[in-house]
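Below: one structure, written as structure tokens.
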Amino acid sequence: MSNLMGERRKKVHDDGERSLIKAASNASINNRATASDAASDAASNAANTGDMERAARKQFQRDVTPAFVYVLAAFSALGGFLFGYDTGVISGAMLLIKREMNLSALWQEVLISSTVAAAALAALAGGFLNGVFGRRICILIASLTFTVGGVVLSAAPNKEVLLVGRLIVGLGLGIASMTVPVYIAEASPPHLRGQLVTINTLFITGGQFAASIVDGAFSYLRHDGWRYMLGLSVVPALIQFVGFLFLPESPRWLIQKGRTQKARRVLSQIRGNQNIDEEYDSVKNSIEEEEKDCGGDGPVIWKMLMYPPTRRALLVGCGLQIFQQLSGINTVTYYGATILQMSGVRDDKLAIWLAGVTAFTNFLFTLLGVWLVERVGRRKLILGSIIGTSVSLFVLAVGFLLSAEHTSPVTLHPTSMVNSTCAKHMLCELCMLDPGCGFCYLENSTAVFSSSCLPVNTASTEKSAWGRCSNTTQLRDHTYWAYNYCPSSYSWVVLLGLVLYLAFFAPGMGPMPWTINSEIYPLWARSTGNACSAGVNWSFNVLVSLTFLHMAQYLTYYGAFFLYSSMALLGFFFIYGCLPETKGRRLEEIECLFDTQLCSCGVTDSDEGRQTLLSACIKTLSEGRLIYSVTVSTRHTFDCVNLMS
Ligand SMILES: O[C@H]1[C@H](O)[C@@H](O)[C@H](O)[C@@H](O)[C@H]1O
């Protein structure tokens, strides 16, 4: 298989080389090229030999990828695990904390959103820290922050200290989320980069899954169970911290800082003592090239915005993160347990584990993404994923719509309830959309009957404040309490939508925005580019989570999901138009993909040839009597001129 891929890539290269000679002879050097047919042949042979050597070297490197790069990726991806764990664990922990500390709804909201908001700010600051201190120090800072945050949270005597702990964890999240993908991308060989960076997202979803298991297990410990839930994050954080004391700095960052000897040492350590000259030279050349192109004063973000290729890359990177969040991943997974309950899993004890089922499905399908990313490429994977996501959201919305249209009426109106707002609701759908009420009903195999809309118990949404559904032991013998959902014979459509959603979102839209962002910026702009896009991701994460319940109230559930579905469709057109394929390219080549006007409907085959050709040109071949000299004028056009020496 890898042989075949090697052959294919070589063919593209050959074609590129042929078109190079053709382009050159058609252009300004027409006469000289005609006079040098023989020399051209010789050069072509020499170039082919060089080509074959390069291909053979690449093949060798593929066959013997040293284990060290996997170790490095795994330790880095613990940052992803903590990302998933710390964002996932809070929902289960909150159920216990709110009871023990008597938290108001506002405090609950503050404790949940503060972390994500702090992460957004820290991700932005992480760009600066990365540029100055390097990737390794930033990962060490992040794991130390996670550790301190975990200790503060697990020992918190009151809600104020809890808030401090949540803010500290948020800082770690922000720094880790932008640094880890960059570090892995910079250390990986091109043919494995996509897979290894995607492993980071696999660890995110793995962390979310682990969090749901821990939540389930410690939920039985009514007193202080939350301390274990929150405190356990210290374990992976410490493992990562200790691991990173021994792991090296990114060789690309070292070269950028002029620490070339160390960079060479690290690169050959990561590549397992293979020949690193070609890679080292290409990174170094491209840094010099970048300095020429993008010299000038001002903050990096300003230079990025002034320089068209990085401006376009930033737009694409942030756009991907925005559409990832606007596709509603965090509300769908948050709502997943309710969807499963709605579909007939009515046992309350089981409900807490249902979030785990959704998280596990998300994890499983992210694994599919790891497998696919280097096989089909980023572009196809994310396009297939987002269109599937949009369709699944549509199915989810239709399921909610059908359920709403066939919603059960409220048949009982207890007289003691006249003062409650819940008494006003005549349909389950309206009762369910009111956060203060729930639906209490009896059910036989064919119908719902004896139903009432009752106020929810403020301490636990698992039962009503009073009446038939206020005592959990009474909630059997076909008496059910539905908070957040209505019994419906169309729940299978909703369940189908959920499964389809996870199957499509998780392999592409979940990981690709992170993977692609780690690749598309040139080195001088990489930390800042990733900081901005990660900051945008976290900001939209808060935005979507904070607006979901209000949207559900004003637009109903189906309205909210139709909106997410159209956002995903919009995202499809954006990605189709603007995202080039980055698979298999060296990081230094990728900037060229943004040379031309943005949104030119992706990269065509001939573009691929053009890019391979460009990288061949940049190397300035000098073989035999023939010299290829390169003019890469402001990186917008290039012309390979063959000259007789
Ligand atoms: O890529 C990740 C991932 O797929 C998670 O499931 C989600 O919670 C995050 O917000 C997202 O950035």
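All ligand and atom numbering here is 1-based and tracks the order in the structure. Only a predicted model underlies this, so the values are computations on that prediction, with no experimental measurement involved. All values below were derived from every heavy atom in this structure, side-chain atoms included, with hydrogens, water molecules and symmetry-related copies excluded.
- No side-chain donor from either of Arg193 and Thr515 sits under 3.5 Å from a side-chain acceptor of the other.
- For the pair Trp514 and ligand 1, the shortest N or O to N or O distance falls below 3.5 Å.
- Heavy-atom contacts of Thr201 reach the following atoms of ligand 1: 1 (O) (cutoff under 4.0 Å).
- Using cut-offs of 30° and 60° for the angle between ring planes, the Phe548 and Tyr557 rings count as tilted.
- With salt bridges taken as basic N to acidic carboxylate O contacts below 4.0 Å, one links Glu186 and Arg135.
- Remark: Glu519 does not engage Arg585 in a salt bridge, criterion side-chain N to carboxylate O under 4.0 Å.
- Heavy atoms of Thr333 found under 4.0 angstrom from ligand 1: none, in either backbone or side chain.
- The aromatic rings of Phe360 and Phe209 sit tilted, their planes meeting at an angle between 30° and 60°.
- In terms of N/O distances under 3.5 Å, ligand 1 is approached by Gly510.
- With respect to Glu581 and Lys380, no salt bridge is recorded, no charged nitrogen being found less than 4.0 Å from a carboxylate O.
- The aromatic ring centroids of Tyr558 and Phe400 lie 6.0 Å or more from each other.
- Within the structure, ligand 1 has Gln325 among the residues with a heavy atom less than 4.0 angstrom away.
- Given atom 12 (O) of ligand 1, the protein heavy atom at minimum distance is Gln324 OE1, 2.9 Å.
- From the protein, the heavy atom lying nearest to atom 6 (O) of ligand 1 is Gln208 OE1, 3.1 Å.
- If you look at Asn330 next to ligand 1, the close heavy atoms, those under 4.0 Å, all belong to the side chain.
- If you look at Asn362 next to ligand 1, the close heavy atoms, those under 4.0 Å, all belong to the side chain.
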